Amino acid sequence: AKAQRNERLDAHYRAAPVPLSSVLTPAGLDPDDEWTRVTVAGRYVGGPVFVRNRPLESEAGYELLWALRPTAGGPDVVVDRGWVAESQSGASVLPSVVPAPEGDVEVVGWVRRGQASRNRALPAGQVANLNVREAAAELGSSQVLPGYLLLESETLPDGTTAARPQALGDPDRSLGPHLAYAYQWWMTMALGFVLVWFGIRRELRLENPEKYPKKPTKTRIW
């Protein structure tokens, strides 16, 4: 599964962006199209919503969601605009965030599938996981696309780039330590058979002292 994910990343992550509507539709998102780099024009109509328990570089924080209404019409799309650290006043106080740009904006990002709901009741403006339906309810959007957009950049009509929260960074491409663990277990299995042989050998010597007499103990002169 991780190898297939990396193949999708290689095919989509740095590719030229395609229109969002060609990949993510009200019918859903093809799994092979996840991480496709897309572009969409619109304006933000709701947000932020805070996704809890999202660490970045070992620091606790939130991911920030907004609802983008496409200029071409159709359902809103949930946009993950980035990350912010927890407030210094504790988890009960939400941190201040960079606001979304007002008016028309051209958004470039990567299309992602939503996550499963954790079915947790949280204060208004917060969700426990990046579940699109729950985020849409907090954003006040009655109709949203069944996926979300991970922001890369936002361009204003004058060509400038809008300020945004801290970017999440490139996705993890590691395959994990599973193969190394397999090697360790195979070596342990072989060692186990060796230890079983030594155990049987020891039991036989203890049961037949006449056949396997103990070696005389060496006398050490020092």
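Predicted, not measured: the structure shown is a model, and the values here were computed from it.
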What distance separates [X] [atom1] from [Y] [atom2], expressed to the nearest 0.5 Å?
{"X": "Asp170", "Y": "Tyr13", "atom1": "CG", "atom2": "OH", "value": "4.0 Å"}
{"X": "Trp83", "Y": "Glu59", "atom1": "CH2", "atom2": "CD", "value": "4.0 Å"}
{"X": "Asp10", "Y": "Trp35", "atom1": "CG", "atom2": "CH2", "value": "12.5 Å"}
{"X": "Trp110", "Y": "Leu149", "atom1": "CH2", "atom2": "CG", "value": "9.5 Å"}
{"X": "Glu154", "Y": "Trp66", "atom1": "CD", "atom2": "CH2", "value": "8.5 Å"}
{"X": "Leu195", "Y": "Ile200", "atom1": "CG", "atom2": "CD1", "value": "11.5 Å"}

### Query
Does atom CZ of Arg202 have more than 12 heavy-atom neighbours, drawn from other residues, nucleotides or ligands, at distances under 6.0 Å?
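Result for CZ/Arg202: open.
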### Task
Flag yes if more than 12 heavy atoms outside Arg133 fall under 6.0 Å of its CZ atom; otherwise flag no.
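Counting other residues, nucleotides and ligands, CZ of Arg133 stays at 12 neighbours or fewer.
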What about [X] and [Y], same hydrophobic cluster or not, with Ile/Leu/Val/Met/Phe/Trp/Tyr joined at side-chain heavy-atom distances under 4.5 Å?
{"X": "Tyr44", "Y": "Val49", "answer": "no"}
{"X": "Val144", "Y": "Leu130", "answer": "yes"}
{"X": "Val107", "Y": "Leu156", "answer": "yes"}
{"X": "Val132", "Y": "Tyr62", "answer": "no"}
{"X": "Val127", "Y": "Leu94", "answer": "no"}

### Query
Which heavy-atom pair separates Val38 from Val23 by the least distance, and what is that distance?
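Result for this residue pair: CG1-CG2, 4.1 Å.
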### Pair Asp172 + Lys2: basic N to acidic O under 4.0 Å
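A salt bridge is absent here (no side-chain N lies under 4.0 Å from a carboxylate O).
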### Derivation of the side-chain contact (heavy atoms from CB on, under 4.5 Å) call for Leu139 and Val78
CA-CA 9 Å; Leu139 289 166; Val78 176; 4.1 Å; yes
### Task
Could you check Leu68, Asp80, Leu65, Val79 and say which one makes a side-chain contact (heavy atoms from CB on, under 4.5 Å) with Tyr148?
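Testing Tyr148 for a side-chain contact (heavy atoms from CB on, under 4.5 Å) against Leu68, Asp80, Leu65, Val79 leaves exactly one candidate, Asp80.
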Donor-acceptor pairs are to be reported for all side-chain atoms of residues 161-168 against protein atoms at under 3.5 Å, with residues two or more places apart or in another chain.
residue, atom, partner, partner atom, Å
Arg164, NE, Arg81, O, 3.3
Arg164, NH1, Leu151, O, 3.4
Arg164, NH1, Glu152, O, 3.0
Arg164, NH2, Arg81, O, 2.8

### Task
Verify side-chain contact (heavy atoms from CB on, under 4.5 Å) between Leu145 and Leu20, making sure each step is shown before the conclusion.
CA-CA 10 Å; Leu145 292 170; Leu20 174 67; 4.1 Å; yes
### Query
Does Val18 offer a backbone N or O that forms a donor-acceptor pair with the side chain of Thr39 under 3.5 Å?
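The answer is no, because no donor-acceptor pair under 3.5 Å joins these two groups.
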### Query
For the side chain of Asp33 and the backbone of Leu29, is there at least one donor-acceptor N/O pair under 3.5 Å apart?
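Answer holds: no.
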### Task
Any side-chain hydrogen bond (donor to acceptor under 3.5 Å, both in side chains) involving residues 112-128? Give me the pairs, sequence neighbours left out, ordered by first then second residue.
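Residue pairs passing side-chain hydrogen bond (donor to acceptor under 3.5 Å, both in side chains), neighbours aside: Glu34-Arg112, Glu34-Arg113, Arg52-Gln126, Arg54-Gln115, Ser117-Asn119, Ser117-Glu134.
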Side-chain donor-acceptor pairs under 3.5 Å in residues 95-105, sequence neighbours left out?
residue, atom, partner, partner atom, Å
Asp104, OD1, Arg43, NE, 3.4
Asp104, OD1, Arg43, NH2, 3.1

